[in-house]
Structure formats: structure tokens, C-alpha cells
Amino acid sequence: MNIKYLFSALALLSGSTFATSIAVTPAPYVITKSELSSPIILEGSQEHNYLKVSLTGTKQDTDKRTPINLALVIDRSTSMSGDRIEKAREAAILAINMLKDDDIISIIAYDNDAHVVIPATKANNKQKLIKTINDKITPQGWTALFAGVSKGIKEVNKFHKKDQVNRIILLSDGQANVGPSSTKELADLGIVAAKQSIAVTTIGLGASYNEDLMTALASYSDGNHAFVEKSADLEAAFVREFKDVMSVVAQEVTVTIRLQDGVKPVRLLGREGDIKGNNVTVKMNQLYSNQEKYVLLEVIPPKGKENEKKPLADVVISYDNLQTSKKDNLENRIDIAYSKSEQAVKQAVQEEIVVDSAIQKANLENEKAIKLLDEGKKDEANRIIQQNASTLNALSDSVSSPSAKAKASGGAVENKKLYEDLDSKSEAVSRKSMKESTYKTQKQQSKN
Amino acid sequence: MKSKKFLYLFMVVTVLIIGLIGYFGYRTLSQESTLNEYQTQQLAKTRVAQTQDFILQQLGQKQIRFSAILAYLKLDPLSLNTLIAQDSDIEALFVLEQNKLVFPDAYNPLNQKESRFIELITPIIQDPAILIAKQHQSDDKQPDFGWYVMQEQQQLVLIYWHKLNNQIIGFKLSYVKLLSDIISSIDFNYEPDSLVISDNGQVLYQSLTRAYDKTKQPTYNQALPFPLHAWKIDYYASNNSNYSLYYFTLGLLAIAILAVGIIALSLYREFNRATRLASQQVSFVSQVSHELKTPLTNITLYAEMLKEMEQEEDSQNTHYLEVIISESRRLSRLIQNVLTFTKSPKINLQPVDINQLLVQIHTIFTPVFEAKGIHLALTVEGHLNTHSDIDRITQIISNLLSNAEKYAAEGKKVQLSACQDDKNIYIRVRDYGKGLSDKELKHIFQPFYRVKSEITEGVTGTGIGLTIALQLAQSLSGTLMAENCDSGLEFTLCIPRS
């Protein structure tokens, strides 16, 4: 293990020189930005500030995309009978057809126990794979979800490589009722998968699955989560997921923020991370092309004097570059400046970061709303969501940058849709919509 | 009355046989089922042991891994944190140096996870000896490594600890990783039987095609040894094998009983039919004989009257009349005999001059034989006398001769001869007909047996002539035998000389 550490230490050493060279490259692979929402603050003030580290993968040549090692874990319990299993089969076949011959696929179906329908294999004999799917994925029995995902991990590990996208797509329409089935156990399983750099994407079908469990599993492994209300929309969800899977440009992303003395970390908005003293570490499993993922840290800056400029934080970003199969390390430094002029402070404000933080805060409120819903306080929940919608609406009016305006109004529209759903749809469905929405916002998952 | 008694006997025997079959069937079944149960138990035991071995093997592999990691692990915080972050088997890790916690370092900032972990292992930090105390240990040596089990939020916490010099390193095993490894690798297919692995009653794994019925008693169960002593393996044998055995044996029994029943019934019916036929024949013969009695009495009466009248004229006719009378009387006695066929015959012993008797018989039969073109020859060696029933001897020989006349006419010759030795007198009737097969020869003395061949065709007969002859011979303490000669049959009547 110390050898492993040695390598990463060596990589870390070469990081600073590498980072500068990247800036020269005409088309960088991952574009990173580290900014404060208010880079200039009033002298003597200690208002909460937001530090955003964003990462965006650049568009890549689709012919050269990263190889995929995918396990499809499909629920074939009796509740999947009829239209659902048919659509699930169609989605699985669609997945197979989207793969290249060199990609690796395995299919696991679970009922009372999990069964490996197709062991991890190259996707070069598509006809045979499709036939197996049609023959073997027929509904029966219960829902051994844990066993299904475990077998998925095992199959992915058979051909596990660092420089490929290792992923499990789990499809379920019901409660896990065989084997370990608590949210904690599935979250831990997500951690186990993440440690092996496998992301578990969960797709919930219909209104009877456990969304807390499914989002926990996805969250801890940094996979996506989607709620598919009608089985007819399953294919679309698969296509979206595949768009993500195929556009992975970097993996094993670690963002380390080292705050200067006197800077207090308050909380991470959205992603979970590790705050240890003045060190904040956040991990992301994957970066997709043309999709921004960010870390948002609320901090309290130290007091300063007019015209003073202080270093606030050092940011180190490391990731596995899938095109070069090397580890890239980028380093950024963030400073904070002080001024007496309110005008200067206001002008310096990064409106997009303000909007992002507002959206993440609204998201936290929405999570509270879900808890209220569970307690049967539907009206209170509704009020919170409406409040969020109007806050974001007001924000979109107050900002001037077009992208910030668009983001804020988009957030407002989404919240509006959520409270409309709450009125018109069943509780199970609207809760799932909310859970999906909060999850996507939290993880900056693409929404279309 | 007799047949009813017989029916009862018959039923008793049948019921007895069926009962016996049933009893043995039941014994076999219960024995088979005990054996089956024992085999099922053994099988369950073996399979549970197999599963247990598999689980312990998985845990053993973790232990080996941890030991291997320890061999090259640097105990600085960065290395340890990297290990925790990257190894999916390790959820957390602690290092105690001289009974003091050095990692995670509580004096430096901690994250939530680390704080929780320190809270969890506080008892160990306070008294590291509890690690050893919980371990199964030998008497003389204290172990340097082992598992320690705790409970956190109703979930099992497994800590593998290892003592190195003055340090104790403890790995908190990712319980979910262990579960995942076991569940994804377990590959025992025991269908239609099923197996359930549970932790404190919570099902972890089940290999069955139907729902797990908590109320059902397992065929065999076993708790795992430390540190997985909260785990239990339940084995549920499917009942199908037992049922099929029962059905199979019951089916076999039913078939056996049915077969016995059918055989018994058909035997009974056949027997009844034969008895009814025999009794019909007997009654027929006795009726016919009875009917014959009246005309015969009349014939005898008138013949005697005629003889008295003829005696006065003293003509040749007297002799013929005597013959008619004698024959009529004999016929009467014959009929009497037939009528008393089933009763014990009355015996009338008197001195018999065999020579004279045979001459007399020869004389009587000659005309009948000649009418059919048969030469009846008589040879007697010496003078033969005995004390016996003259009627019976006459009847035996008459029966034999009349058989010869009926069935061996084509031989054109019948020999009647007699001789004697020290003890017995032998009277033989030999014909030159077609004879009989050995098989038929065995049966000719049975009542109502008639050889079915062209010989008997068109010839009347009741089939009791030879039976009566044999019975009569036996009543005279003699024997009657039949044997095949070169051509034809020879009957030998053997009677004692005195």
C-alpha cells in the first residue's frame, strides 16, 4: 500500500508543473475553475462566502471514447410482469446495441436470489446476447436487490481496469425484500462499490420502489439516479444514462481544499465530503464531457483591511485522465481582497455562484420538505417548496448575467413543477419526483 | 353349508394375506421413511457444513488479507488514511501504542466518521485486554491476533486486531463488503431444498424458489462459530421426496393387495364352478341311476317269472334267462353302487373262485365284443381262489372291459388274463388301441375326467367308471394301475390272495 502512496505522492509533486502546462494546451481535457462568490469583501466584514470549484469535461471524439465495463442489474420480480419487464428487456437490448465490440457487458437478473444471466463478456456477439436477454429475463419471485448489486460488483470486477468506465445500472420497481435491505446497508454497499471505483446508477420504475434506498446506493458510489414513472419512458432514461456513461472523461476525481489559517469552513453544499480541520476533501467518481460538476464550500473569511489581498485557499484537483491513462493534478490558489467601496464589492460578485448556492440551499430546504411529507405535514412541505420557487424567481430578477438568470429561473421552474406535482399526483409519485430532483441538484446530474 | 364354511375360510386366508402384505408394506414404509429422514438429516448437515465452511473461508480470506497488509503497512497517518479510502474491506482502522490511541489522532481535527469510530472503540481504548478476553484462547499462550465483535446500530461490527510489539492495530471490517462477497459468491444450488442464512433473525441470504416461511421449522440448523456466532444457517428439506416415497409404496401396496384380491376371487370362482359342476354331474348320475332302477326291477321280475315257466319245459332258454337274471341283478347292484358313490360302500366278503368268475365275465362280454369285431381272449394261470367281494371284482373288470370296448375297439383284440404270486392275484385287461399320453394317464382315475381326443369323440360316458373301479379296488385292499404298452393300455388289478 505504501507503494501506491508513493506513486500518488510523486504525482502530487509533479502536479504544480503539470497544472501550468495544461493552461497552455489549446483544448484542455478538464476545465477547472476555483472562485469565490464574493472575491472582494468589505473591510472588516465576515459575511459567509461561497467557494466554488467547478470541473467540466471537454467534448471528446466519440470514436475514441473510454471503454465501458457495464453490469446491468435487472429486477425480474413478479411485480415487473407485463409492460415493465418488456420495456426493461428493450432497454437492456438498447444498451447492448449502444456498446462497441470491445466494451464489456454482464447482465444480472434478480428475484429470490440473483442470477448471472450473462457473465462479464465482450459485447461482440450482440445477437446472442439479445437472445439470452429475451429468453431469461422473465418475471418471477421476490426482490433480492442486495444480492443483485453484489453480483453486479463481482461481474464488473472480473474485467476491472482503471482506464475504463466501470458501472452498474440497477433497475428496480419494488422494495428490496430479500437479504440486507436497509438504507444504511445499501449506502454501505455504495461505498464498497465506490472504493472499487464502480459507480452504481439506480433507476426506479413506478411508484413502489424505495427511493431513499435507491438514492443512497447511487449517492455513495457517485452514480446517477432516475425516477421513471411510466415504463414507456424507461428507454429515454437509459439513453440519458448512456450519454453520461459514454461521455466519461475523467475518473477518481479528488478535490482538496486547504483553507488558510483564519478561514473557517462552514459546510459543503450539495456533495458530501470530509471536513477535517482546515482541510476539505471531496470525491467524485466521474466527470462527463460538457457537464459541470462542482464543489461548493461555505466559508467564513478572515477580517481584512482596505486594499489588502490575502490568500484564502489552495485547491488541488486530481483525476484519472481517461484519454492519456494518467493521473492529472491541477492546483489553484484563491485569494480574497478587501475594499471600502460597496460598489466595488457588488461589482465583483460572481452571480452564477450566488445562484448555485441559492439553488443548493433551496435543495436542502426541499430535503426538509421531504421529511415533513413523511411526517404527514403536506401543507408545510408545500409552503417550503413554494417559498423556494419564489426565492429563486426573485433571484433571477435581481441578477444581470444571462447565464445566472437562466439558472435561477430554471430552478424556480423546477420548484414550481414540484409543488404542482404535490397537488396533482399521488404522494408516492411526488415524493419520488422530489427525491430525484434533490438528488440531481445535489450531484449536478444532467437533467435532460 | 359346507361351501359357506369354505367361503369363510377362504376370506380369512385372503384377509390374512392382504394383512400380511399391508403389514410388511407398512414396516418397509416406516423403515424407508426413517432411513429417508436420516439421509435428509445427513444431507442437510453436510450442506450446512459446506455453507459454513464457505462463509468462514470468506472471513478467513479477509483475515489473511489484513495480515498481508500489515506486513508492509507504514503506520503514518497519510498511508493509513489512503488505505482506508481505497480498500473496500476496511471501513476504519485504529492503532494503539502502549495502550494509547495514536490513530486516528484525537488531538488533531477529526471528521465525523473518525469521531464516531473513536466513540465506538472507546471500550477497547480503555481496556485493550478485552480484545483477548473475547477470543477463544489456549491455556498457555495469549493470542497475538483475532476477531473482536461489537454491535453498532443493530449491525454487527467485526474488528480484526493484531498485536505487533507494543502496538495493536485494529481493522474495522466492512460488514457490508463481507455480506456482498458472501452473497455474490455463494453458489450452492440445493433445489428443491432451500437454505437460509440469517444474522440475529434477519435474513441475509436465501437459496429458494419460493418465499421464506418463518413459521416453518428447519430440517437442520446450525449457528456459526465465533466471531459470526450471531449467524445461523437454516436448512429446509423439501418434503417432496418423502411424499413420493409414501405415494410409491402405497401404490405398490394397493397393486399387491388388488392382485391378491383378484387372484383370490378368481380362484374362488373357479373352485366354485368346479364344485358345482361335479355336484351337478353326481346328481345327474344318481338321478339317471335311480330312474334305471324301476325298469330293471321289472326286467328282473319278469325274467324270473319267465324262468319259472321255462323250467317246467326244461329248454335251452332257461340258460339264457339265467344270464338275463344274473345280469339284471348285477346291474341292480351296480346302480346301487352308483347311488352310494359318495357313501362308504357296503362290503360283502365271500370265497371267490377267480377262474370261474373270469369265465363267467368272459362269457358275458364275448357277444358284445364280437359285435364290434373284437376278440376277447382269456388266460388264467393255475387255479386262483381268494376271499373277497365278488361283485366288486366283477364290477372292476367289467368297467375295464367296457372301457376297452368303448375306446380301443380298433385294436381288434383284448386280453383278459390272471395270475398270482405268493401274496397277490393279478388280473389284467390289455387292449391294443392307441393308448394314452403319460400326462393323460395320470388323470384317468380322477372323477369326471375324460380324455379329450378323437378317441372319446362320439362315445358316451360319465367319466366315473375308472374312479369307481379304483375306489372299489382300494376297498378290497388292492390296487388298480394303468400303464402304456407298445400298443394299447394295460390295467392291472391287484388283490390280496386272502
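Protein chains get the first letters and strands the later ones, always in sequence-line order, with residue 1 at the start of each.
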Visitor: Give the minimum heavy-atom separation between B:Q206 and A:V178, together with the two atoms involved.
Guide: CG-CG1, 3.5 Å

Visitor: So which residue, B:N111, B:N108, B:D89, ends up with the most heavy-atom pairs under 4.5 Å with chain A?
Guide: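 So the answer, after comparing B:N111, B:N108, B:D89, is B:N111.
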
Visitor: Take atom NZ of A:K158 as the centre, draw a 6.0 Å sphere, and report whether it contains more than 12 heavy atoms from other residues, nucleotides or ligands.
Guide: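 Enclosed: over 12 neighbouring heavy atoms sit under 6.0 Å from NZ of A:K158.
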
Visitor: Name the member of B:A85, B:S88, B:P109 that forms the most heavy-atom pairs with chain A at distances under 4.5 Å.
Guide: B:S88

Visitor: Go through A:P180, A:A144, A:G277 and name the one with the most non-hydrogen pairs under 4.5 angstrom from chain B.
Guide: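 Between A:P180, A:A144, A:G277, the count favours A:P180.
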
Visitor: Rounded to the nearest 0.5 Å, what's the gap from NZ on B:K113 to CG on A:D274? Could you check?
Guide: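 These two atoms lie 8.0 Å from each other.
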
Visitor: Working to the nearest 0.5 angstrom, can you tell me the gap between A:S150 OG and B:I186 CD1?
Guide: 12.0 Å

Visitor: What part of B:L80 gets within 4.5 angstrom of chain A, counting heavy atoms only: side chain, backbone, both, or neither?
Guide: neither

Visitor: How would you list, in number order, the residues of residues 47-62 of chain B that have a heavy atom less than 4.5 Å from chain A?
Guide: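 Contacts with chain A: none.
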
Visitor: Do A:F146 and B:L204 make a side-chain contact, defined as non-hydrogen atoms from C-beta onward lying under 4.5 Å apart?
Guide: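 With C-beta onward as the side chain, the pair stays apart.
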
Visitor: Need one label for B:Q155: side chain, backbone, both or neither, based on atoms under 4.5 Å from any heavy atom in chain A.
Guide: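 Side chain of B:Q155 only, per the 4.5 Å heavy-atom cut-off to chain A.
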
Visitor: Using 0.5 Å steps for rounding, measure from the CD atom of B:Q86 to the NZ atom of A:K195.
Guide: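 Output value for this atom pair is 9.5 Å.
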
Visitor: Checking heavy atoms, do the side chain of A:A147, its backbone, both or neither come under 4.5 Å from chain B?
Guide: both

Visitor: Looking only at heavy atoms, which of residues 172-185 of chain B get nearer than 4.5 Å to chain A?
Guide: B:S174, B:V176, B:K177, B:L179, B:S180, B:I183, B:S184, B:S185

Visitor: Supply the atom-to-atom distance A:K184 NZ to B:E152 CD, rounded to the nearest 0.5 angstrom.
Guide: 6.5 Å

Visitor: Within this structure, what is the CD1-CG distance for the pair A:I275 and B:L110, rounded to the nearest 0.5 Å?
Guide: 13.5 Å

Visitor: Give a yes or no on whether A:K276 atom NZ has more than 12 heavy-atom contacts from other residues, nucleotides or ligands under 6.0 Å away.
Guide: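 More than 12 within 6.0 Å, yes.
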
Visitor: At what distance, to the nearest 0.5 angstrom, does CG of B:D87 lie from CD of A:Q196?
Guide: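 Going from the CG atom of B:D87 to the CD atom of A:Q196 covers 9.0 Å.
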
Visitor: Is the number of heavy atoms from other residues, nucleotides or ligands within 6.0 Å of CZ (B:F117) greater than 12?
Guide: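 Count over threshold, so yes.
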
